[in-house]
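So the structure is just underneath, and the comments pick up after that.
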Amino acid sequence: MEYVYPAIFRPEEEGGFCVIFPDIRRGATQGDDMADAVEMAEDSLCAVLYDIEEEKAEIPAPSDTNAIDSLPNDTIILISADTNEYRSFKENRAIRQSA
């Protein structure tokens with residue numbers, strides 16, 4: 001499945017960004033700079049949504065970006081995740097490791 005969720009990118013005092021998905025409680029991550037934080041957010045979102053699918057749990061609906069509470073220095077970015085691609089990658093990696 002393909003998903004798109006808003007993520008809050010919050011600058012850290014020591015540098016880098018903390019990334020929070022308001023709709024997905026276990027998907028927080030971080031990055032050294034914005035590009036790294038976006039890449040980490042994509043990876044984290046994909047892994048978490050894949051796990052939720054595997055658990056056969058309900059996938060939460062993404063929030064409207066205008067309805068998200070954020071701080072003045074926060075940046076909200078839509079992050080996409082393709083769990084079918086992630087699943088294929090994970091299965092191919094497992095096959096290579098066991099061979």
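Model, not experiment: these values are computed from the prediction. Side-chain atoms are counted along with the backbone in the values below, which use heavy atoms only and exclude waters and symmetry mates.
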Can you tell me if [atom1] on [X] sees more than 12 non-hydrogen neighbours from other groups inside 6.0 Å?
X	atom1	answer
Glu58	CD	no
Glu13	CD	no
Asp64	CG	yes

Discussion item. Evaluate Glu85 against Glu2 for side-chain contact (heavy atoms from CB on, under 4.5 Å), listing each step before the verdict.
Written reply: CA-CA 9 Å; Glu85 184 177 305; Glu2 291 186 30; over 6 Å; no
Fill in: For Leu78, the rest of its hydrophobic cluster, which grows through side-chain links under 4.5 angstrom
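For the cluster that includes Leu78, the remaining residues are Val4.
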Item to complete: Identify the heavy atoms of Pro6 and Pro22 that sit nearest to each other, and give their distance.
Response: O-CD, 3.4 Å
Discussion item. Please give me the minimum heavy-atom distance between Glu12 and Cys18, naming the atom from each residue.
Written reply: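 Where Glu12 meets Cys18 most closely, the heavy atoms are OE2-CB, 2.7 Å.
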Discussion item. Quick check: do Ile24 and Leu49 have side-chain heavy atoms less than 4.5 Å from each other?
Written reply: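 Yes. Closest side-chain heavy atoms under 4.5 Å.
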Discussion item. In this structure, would Val48 and Ile77 fall into the same cluster of hydrophobic residues linked by side-chain contacts under 4.5 Å?
Written reply: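 Yes, Val48 and Ile77 fall within the same hydrophobic cluster.
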Fill in: Same apolar cluster (I L V M F W Y, side chains within < 4.5 Å links), Met34/Tyr5
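Looking at the clustering, Tyr5 is in the same group as Met34.
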To the nearest 0.5 Å, what is the distance between [atom1] on [X] and [atom2] on [Y]?
X	Y	atom1	atom2	result
Met40	Asp32	CE	CG	8.5 Å
Asp36	Phe17	CG	CZ	10.5 Å
Gln30	Ser44	CD	OG	11.0 Å
Leu45	Thr29	CG	OG1	11.0 Å
Asp82	Cys46	CG	SG	6.5 Å

Worksheet entry | Passing option when Ile68 is tested against Asp23, Asp74, Ile8 for side-chain contact (heavy atoms from CB on, under 4.5 Å) |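 Passing option: Ile8.
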Discussion item. Evaluate Ile79 against Phe21 for side-chain contact (heavy atoms from CB on, under 4.5 Å), listing each step before the verdict.
Written reply: CA-CA 9 Å; Ile79 300 295; Phe21 291 95; 4.1 Å; yes
Item to complete: In sequence, state the C-alpha distance, the side-chain angles, and the governing distance for Arg10 and Ile20, and then conclude on side-chain contact (heavy atoms from CB on, under 4.5 Å).
Response: CA-CA 8 Å; Arg10 183 164 292 154; Ile20 303 161; 3.7 Å; yes
Worksheet item: Please, which pairs that meet ring-ring contact (aromatic ring centres under 6.0 Å, His included) have at least one residue in residues 29-70, sequence neighbours excluded?
Response: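 Pairs touching residues 29-70 that pass the test: Tyr50-Tyr86.
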Item to complete: Give the C-alpha distance, both sets of side-chain angles, the deciding distance and a yes or no for side-chain contact (heavy atoms from CB on, under 4.5 Å) between Phe9 and Val38.
Response: CA-CA 9 Å; Phe9 289 74; Val38 168; 3.9 Å; yes
